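The next block holds one structure in the form of structure tokens; read it before the comments.
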Number of protein chains: 2
Amino acid sequence: MPSKPSGDPSTKNEEWLRVGRQLSFALYGAANRVIRLHRPFLEPLGLTYPQFLVMLALYEDAPRSVGDLGLVLGMDTGTLTPLLKRLQTAGLVTRTRDSADERRVLIDLTDAGRALREEACSVPGKIETACRLTHAQAAELRDTLNGLARPRKGEAESSSDQQTEGEAS
Amino acid sequence: MPSKPSGDPSTKNEEWLRVGRQLSFALYGAANRVIRLHRPFLEPLGLTYPQFLVMLALYEDAPRSVGDLGLVLGMDTGTLTPLLKRLQTAGLVTRTRDSADERRVLIDLTDAGRALREEACSVPGKIETACRLTHAQAAELRDTLNGLARPRKGEAESSSDQQTEGEAS
DNA sequence: AGCAATTATATCGTTCACGATATAATAAGG
DNA sequence: CCTTATTATATCGTGAACGATATAATTGCT
């Protein structure tokens, strides 16, 4: 690995400091582009990308609590609560208090939400095609990304022990 | 590659439809986590991650136009103009019309902006450490991501021919 | 039983991603 | 020279990421 200057970009080997050479920036850009790829497919469904993720999570298992959705999708309640309210306003989900524990809000699908299932579930295939990676390449990249920037063991985990945010192979 | 159902998630092999199995979601999650990793380092500098990217781009080459920054960073003017105004308000950059072509706004660094250079440029090294990848792994992943979800040849390119948004090895 | 600690969600404020649209300046063509 | 086309940036509105903070409900301990 090229020698890395300690905070002095004017020395040799500062190439790695260029914006375009950074993994973080590559991630940032790729994420924006991939989300953008979804728009033409999601717009007819009246969904944004994060809303689409919520719907997919509910198609897997509904009802589920706000907290559970947060764990599965890696979103905090500041993001989720307004998002779920918009989905509720759109008539795609219901939000009700769990009678077993009234701190929890349960999110379930409506008939209109279920009606989107087939079309919503056809989107990932279209995106994979648009990404122009082989399935093996996509799977490998996905697994690398899912492991990236995770808290260390012993640090507070953001994922429960069920198959959650970013599944390994 | 496993057979892919055409829009029917209830068939076999729907595993790939789970949110956690999707490359898009892995990208989305990884990008958010990596940006979050930057915060402790950027907050003392009074910068957000997109602002940090702009500063890095200016350390490479300043002054540059809003459009040029947009190309280099993959941001559109709806994102850049308010961001640059905030950096100007913070006293880190100047925004002036190019006398050669008054449609263009030139962005340059102030003394205060230049004063952040060393500290700002030390951040990527810290992030790479926090990502716990070897340099080779990071470089390979970066190059894969930089190539992801790009327009095809012949489609409108979002990058100019200079080394721009997402550099290859 | 009562109180403190913990948990779950909600709200607030700020930043930004982006499509649509508007304005201003320059380039091109007749 | 004048008009049209193109380019560069700005504004607007909406959705969302997230840290800080608040409220309500449950759990645990004495």
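Small disclaimer: the values here were computed from a predicted structure and weren't measured.
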Whole-Å distance separating the CG atom of Leu80(A) from the P atom of dT11(C): 13 Å

Sugar-phosphate only, base, or nothing, as touched by Gly78(A) at under 4.0 Å among non-hydrogen atoms: base

Distance, rounded to the nearest Å, where Leu83(B) contributes CG and dC16(C) contributes P: 4 Å

5' priority, DNA chain D, between Arg97(A) and Val66(B) [closest heavy atom]: Val66(B)

5′-ward residue of the pair Met75(B)/Glu43(A) relative to DNA chain C: Met75(B)

Listed nucleotide nearest any side-chain atom of Thr81(A), set dA10(C), dA10(D), dC16(C): dA10(C)

Interatomic distance, Asp68(A) atom CG to Leu106(A) atom CG [nearest 0.5 angstrom]: 9.5 Å

Other residues, nucleotides, ligands: >12 heavy atoms within 6.0 Å of Glu140(A) CD: no

Sugar-phosphate, base or nothing in reach of Asp101(A), heavy atoms under 4.0 Å: sugar-phosphate

Selected nucleotide, minimal atom distance to Arg104(B) side chain, candidates dT9(D), dG19(D), dT26(C): dT9(D)

Side-chain N,O (Arg86(B)) to OP1/OP2 (dC16(C)) below 4.0 Å: yes

Any donor-acceptor N or O pair under 3.5 Å, side chains Gln137(A), Thr134(A): yes

Distance test, side-chain N/O of Tyr28(B) to OP1/OP2 of dA17(D), below 4.0 Å: yes

Out of dG19(C), dT27(D), dC16(C), whichever nucleotide has its closest atom nearest the side chain of Arg103(A): dT27(D)

Pairwise distance OG1(Thr48(B)) to CZ(Arg39(B)) - rounded to 0.5 angstrom: 8.5 Å

side-chain N/O Lys85(B) vs dT11(D) OP1/OP2, d < 4.0 Å: yes

Residue met sooner reading DNA chain C from 5', once Arg95(A) and Pro50(B) are mapped to nucleotides: Arg95(A)

Rounded distance (Å) that lies between atom C1' of dG19(C) and atom CG of Asn32(A): 14 Å

Nearest-angstrom distance from the residue atom OH of Tyr49(B) to P of dT15(C): 19 Å

Separation of dA8(D) C1' from Leu106(B) CG (nearest whole Å): 12 Å

Integer-rounded Å distance: dT9(C) P and Leu73(A) CG: 13 Å

Nearest-Å distance for atom pair CZ/P, residues Arg36(B) and dC18(D): 4 Å

Whole angstrom value for the distance that separates C1' of dC18(D) from CG of Asp76(A): 5 Å

side-chain N/O Thr77(A) vs dT9(C) OP1/OP2, d < 4.0 Å: no

Test item: Tyr28(B) side-chain N/O and Val34(A) main-chain N/O as donor-acceptor pair under 3.5 Å: no

